[in-house]
Amino acid sequence: MASTFMGLNISYSGLVASNAALNTTANNIANVETVGYSRQIVNQSASAAMRAFAGHGCIGAGVDTLGAERVRDIYYDEKYWNNNSKLGEYDKKQYYCAIIENYLQDNRGTNEVKGFMTIFNEFHSAMDSLSNHAGEKDYALEFIGKAGNLCEYFNILYNNFQKMQTDVNDEISIKVDEVNSIAQEITLLNRQINMIEVGGNTVANDLRDKRDLLIDQLSAIVDVKCEEKPITDDLGNETGMMEYNVSIVGGQSLVNGYSYRQLECVPRQPWQKTNQNDVDGLYDVVWTDTRQDVGLGGKTARGELKGLYEMRDGNNNEAFNGTVSGVNTEDRTVTIKVKDDYLKDISKSTLPLTGGQIRVGGDYFYYDSFSYELNEFGEASYTFKLSEDLSKNPTTVKPSKVGQSAGVGEQVNYQGIPYYMEQMNEWVRDYAHHFNEIYGMSGATDSAGNDRTGEIFFTGDDAATGKQFDFSIPLNTTKYDSVSDAGYFMLTAGNFNVVKSVQNDPTTLVTHTVDSDGESKYDILDELKDLSTNKDKMSFRGCDAQSFLICLMGDSALNAQSANSFQEIYGNIEESIANSRFSISGVDSDEEAANMIKFQNAYNLASKMISVMNECYDRLITQTGV
């Protein structure tokens with residue numbers, strides 16, 4: 001049988017429920033501009049009914065207030081995280097592609113920026129003026145100065161790309177620190193959430209919002225996957241606590257409940273280089289506990305770190321690779337046979353001259369030097385001399401490695417900074433080689449009538465010795481040794497220069513061949529002018545020499561367009577997902593205002609019901625009697 005005061009209890013439960021709903025609405029309104037906050041609602045259910053007058057049904061017992069719960073849809077969260085990783089990747093590519101376009105620009109007019117075309121045309125004009133003013137020192141000095149400007153252009157451009165590579169490398173370190181910080185914070189939140197939710201009676205809404213906001217931030221840096229599962233006791237009963245796990249970069253564990261792993265940036269030593277043009281100290285990102293590489297170059301990797309990695313190391317899939325064809329354990333050498341055309345041309349190779357790291361059948365070794373050979377059948381091979389330093393190579397390559405794959409660096413299918421630097425090197429080497437061949441041809445003579453056969457005009461500065469290269473080995477050589485041979489492979493856009501003897505004495509400048517024809521016969525200069533436009537004399541990617549900038553600007557424009565397009569696509573997708581997520585989880589001020597009135601009315605009605613019940617009980621108790 002129902003209690004005499006049952007109606008008062010029912011009204012009180014309604015008053016409590018309405019009050020809780022009003023407080024929750026107030027909290028929602030207070031956090032309408034709070035980033036990451038999820039709208040909360042009060043869960044209610046009808047209290048267990050009581051049987052009254054057996055056989056005649058039940059009487060309601062009011063409402064149970066179960067607690068406040070945030071409104072969240074994991075489906076939209078996962079879609080947002082997946083898309084945010086892709087957006088983060090192309091955000092970084094878009095930013096640095098724009099910088100590359102600025103480096104390569106060549107503008108004229110009020111906003112003039114002298115680029116390759118302007119400087120190269122000035123160099124050509126000076127050459128043309130010199131050919132029309134035989135024996136005049138001023139024109140020779142102008143020509144040498146314009147040639148120096150061309151060299152300086154490549155020096156500056158090369159240094160700019162190296163500086164950008166350093167900046168990208170530093171940003172990778174910053175992003176790794178952010179990942180570590182977020183992982184630590186998520187672990188702390190996991191512990192706090194479980195302390196509150198143990199027993200299953202309370203939900204830590206605000207802490208869960210903070211954790212999801214951290215996942216939002218993490219998803220922009222790397223690809224993420226989250227999993228939450230209940231924790232059970234020894235008997236298999238759920239404890240009310242949850243184990244929250246986060247994995248990144250293709251499913252590698254970052255957070256496991258109350259524990260987390262750390263990433264670490266390990267700078268490469270000078271003898272660990274994988275690319276001739278790389279700056280010192282590039283970071284390899286590894287797991288601190290296992291020392292294993294994280295794998296930012298993996299196909300499943302996404303996020304800002306992936307974009308930065310591809311921009312820093314992108315080589316257009318043109319890293320050194322081949323098959324082990326021979327191993328000499330006594331000489332500590334390993335011979336690699338290569339098939340790719342770009343590796344058969346030593347001018348396009350990017351192997352570090354100071355030694356580097358080579359991967360042989362899954363194992364890593366360090367080499368001090370290498371030699372190259374191209375046989376009459378068009379088969380090319382490289383022989384690497386492994387370091388005898390036991391701290392670098394505790395063991396040597398075993399003969400069983402023959403037939404296995406080998407490589408230096410990773411194949412990164414993106415046109416990043418190394419790609420542009422390699423393109424510059426290729427042009428500089430090719431142009432300097434063909435220019436010097438014409439300049440020092442048989443019978444070459446300077447304005448004073450001295451024989452200059454075999455001399456060169458363009459060279460490179462050796463940073464180690466302070467001298468200039470003499471280029472005793474031609475560009476199209478079939479044999480090359482990185483230790484003993486002074487070949488064009490040592491020339492880069494960063495050390496490109498005019499020989500000092502010509503800079504110091506313009507009278508030694510070669511202009512013609514036949515001395516008996518006098519100074520007016522500038523046949524060598526005519527040949528040099530033709531070098532710029534004659535593809536039979538020099539061809540760069542199927543174009544003539546002066547089209548260098550057009551080729552590189554075409555690459556940068558395509559990369560920038562691709563980055564802009566994908567950034568826009570993923571940006572629009574993110575906006576759509578964010579709107580869908582906000583429609584569920586976000587706080588709408590109009591909706592909350594309506595709720596405020598609704599719950600106010602419910603509270604007032606519950607209060608009125610208590611007042612009515614109070615009058616009833618007063619009549620029953622004080623005014624009814626015998």
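For reference, positions follow the sequence shown, starting with 1.
Heavy-atom neighbours of K392 NZ from other residues, nucleotides or ligands within 6.0 Å: above the threshold of 12. Within 6.0 Å of NZ in K337 there are 12 or fewer heavy atoms belonging to other residues, nucleotides or ligands. Other residues, nucleotides and ligands contribute more than 12 heavy atoms inside 6.0 Å of the OH atom of Y103.
Using modelled atom types, one side-chain atom of D481 and one backbone atom of V483 make a donor-acceptor pair closer than 3.5 Å. A donor-acceptor pair is defined here as one N or O able to donate and one able to accept, closer than 3.5 Å; such a pair exists between the side chain of D223 and the backbone of G250. Although no hydrogens or angles enter the test, the distance criterion places a donor-acceptor pair under 3.5 Å between the side chain of N321 and the main chain of A319. Checked by atom type and distance alone, the side chain of T187 pairs as donor or acceptor with a backbone atom of A183 at under 3.5 Å. In this structure, K344 contributes its side chain and G378 its backbone to a donor-acceptor pair below 3.5 Å. Not a single donor-acceptor pair under 3.5 Å links the side chain of D389 to the backbone N or O of Y366. Using modelled atom types, one side-chain atom of N84 and one backbone atom of D216 make a donor-acceptor pair closer than 3.5 Å. Although no hydrogens or angles enter the test, the distance criterion places a donor-acceptor pair under 3.5 Å between the side chain of K273 and the main chain of D278. Between the side chain of S85 and the main chain of W81, a donor-acceptor pair closer than 3.5 Å is present. Formation of a donor-acceptor pair under 3.5 Å by the N180 side chain with backbone atoms of Q262 is not found in this model.
Figure legend: cation-pi geometry between R268 and Y283 absent, as NZ or CZ is not positioned both under 6.0 Å from the six-membered ring centre and within 45° of its axis. Taking the ring axis of Y488 as reference, the NZ or CZ atom of R429 does not stay both within 45° of it and closer than 6.0 Å to the ring centre. Taking the ring axis of Y90 as reference, the NZ or CZ atom of K93 stays within 45° of it and closer than 6.0 Å to the ring centre.
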- Item | Pair M164-F161, side chain to side chain contact (heavy atoms under 4.5 Å, CB included): steps then yes or no | CA-CA 5 Å; M164 183 165 63; F161 273 103; 3.7 Å; yes
- Task: Verify side chain to side chain contact (heavy atoms under 4.5 Å, CB included) between V249 and L254, making sure each step is shown before the conclusion.
- Result: CA-CA 9 Å; V249 193; L254 176 69; over 6 Å; no
- Task: Give the intermediate values and the outcome of side-chain hydrogen bond (donor to acceptor under 3.5 Å, both in side chains) for residues D462 and T465.
- Result: CA-CA 6 Å; D462 189 345; T465 63; 3.3 Å; yes
- Evaluate the criterion side-chain hydrogen bond (donor to acceptor under 3.5 Å, both in side chains) for residue pair D544 and N534; output intermediate values, then yes/no. CA-CA 6 Å; D544 55 31; N534 191 335; over 6 Å; no
- Begin from the C-alpha positions of N149 and E152 and carry the test side chain to side chain contact (heavy atoms under 4.5 Å, CB included) through to its verdict. CA-CA 5 Å; N149 290 345; E152 186 179 16; 4.1 Å; yes
- Message: As a quick check of understanding, evaluate side-chain hydrogen bond (donor to acceptor under 3.5 Å, both in side chains) for E243 and N245, giving each step before the final call.
- Response: CA-CA 6 Å; E243 182 183 281; N245 301 325; 3.1 Å; yes
- Task: Starting from the C-alpha separation in whole Å, work towards a yes-or-no answer on side-chain hydrogen bond (donor to acceptor under 3.5 Å, both in side chains) for R261 and N256.
- Result: CA-CA 9 Å; R261 301 173 71 192; N256 187 7; over 6 Å; no
- Going through the distances and angles, do R541 and D555 end up as a salt bridge (Lys or Arg N to Asp or Glu O under 4.0 Å)? CA-CA 12 Å; R541 292 170 55 176; D555 293 335; 2.7 Å; yes
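Nearest heavy-atom pair, V224 versus I248, reported as atom, atom and distance to 0.1 Å: CG1-CG2, 4.0 Å. Smallest separation of non-hydrogen atoms from T395 and R332: O-NH2, 4.1 Å.
Note: W427 and F116 meet the aromatic proximity criterion, with ring centroids under 6.0 Å apart. Outside the 6.0 Å centre-distance limit, the rings of F154 and Y158 are not counted as a close aromatic pair. For Y367 and Y382, the gap between ring centers reaches or exceeds 6.0 Å. For Y372 and Y480, the ring centers are positioned 6.0 Å apart or more.
A heavy-atom distance below 4.5 Å is not found between the side chains of I358 and Y364. When side chains are defined from C-beta on, I186 counts as touching I215, because their heavy atoms get closer than 4.5 Å. The side-chain heavy atoms of L282 and R312, taken from C-beta on, include a pair separated by under 4.5 Å. S219 is not listed as a side-chain neighbour of R302, based on a closest heavy-atom distance of 4.5 Å or more. Using a 4.5 Å heavy-atom cutoff, the side chains of F496 and N155 are in contact. Taking 4.5 Å as the limit, every side-chain heavy atom of N317 sits out of range of all side-chain heavy atoms of V412. Between K479 and D485 the shortest side-chain heavy-atom distance does not fall below 4.5 Å. Within the 4.5 Å cutoff, side-chain heavy atoms of M441 are placed close to those of I524.
Ring planes of F435 and Y439: parallel class, angle under 30° (limits at 30 and 60°). Note on ring orientation: taking the six-membered ring where Trp is involved, the planes of F320 and F384 are perpendicular (angle over 60°, cut-offs 30° and 60°).
Taken to the nearest 0.5 Å, the OG atom of S556 stands 7.5 Å off from the CD1 atom of I100. Between the CG atom of N497 and the CZ atom of F457 there is a distance of 9.5 Å, given to the nearest 0.5 Å. Atom CH2 of W271 sits about 8.5 Å away from atom CD of Q357, to the nearest 0.5 Å. Remark: D345 CG to E426 CD distance equals 7.0 Å, nearest 0.5 Å. Considering CD1 of I119 and CG of L150, their distance stands at 7.0 Å, rounded to 0.5 Å. Going from atom CE of M421 over to atom CG of N159 covers 8.5 Å, rounded to the nearest 0.5 Å.
Side-chain N/O atoms of T453 and D451 include a donor and acceptor closer than 3.5 Å. Side-chain atoms of S325 and T335 form no donor-acceptor pair, as typed in the model, at a separation below 3.5 Å. Side-chain contact of D461 with N495: a donor-acceptor pair under 3.5 Å is absent, judged by distance alone. In this structure, a donor-acceptor pair under 3.5 Å is present between the side chains of N190 and R211. Side-chain polar atoms of Q162 and N277 form no donor-acceptor pair below 3.5 angstrom.
Here the options are E264, Q252, Q292, the test is side chain to side chain donor-acceptor pair (under 3.5 Å), and the partner is W287; only Q252 passes.
Salt-bridge check for E422 with K348: failed, with every basic side-chain N at 4.0 Å or more from each acidic carboxylate O. For the pair E89 and K86, the salt-bridge criterion is not met [side-chain N within less than 4.0 Å of a carboxylate O]. A salt bridge links E527 with K537: the distance from a Lys NZ or Arg NE/NH1/NH2 to an Asp or Glu carboxylate oxygen falls below 4.0 Å. A salt bridge is defined here as a Lys NZ or Arg NE, NH1 or NH2 lying under 4.0 Å from an Asp or Glu carboxylate O, and E171 with K92 meets this definition. Looking at D167 and K163, a side-chain N of the basic residue comes within less than 4.0 Å of a carboxylate O on the acidic one, giving a salt bridge.
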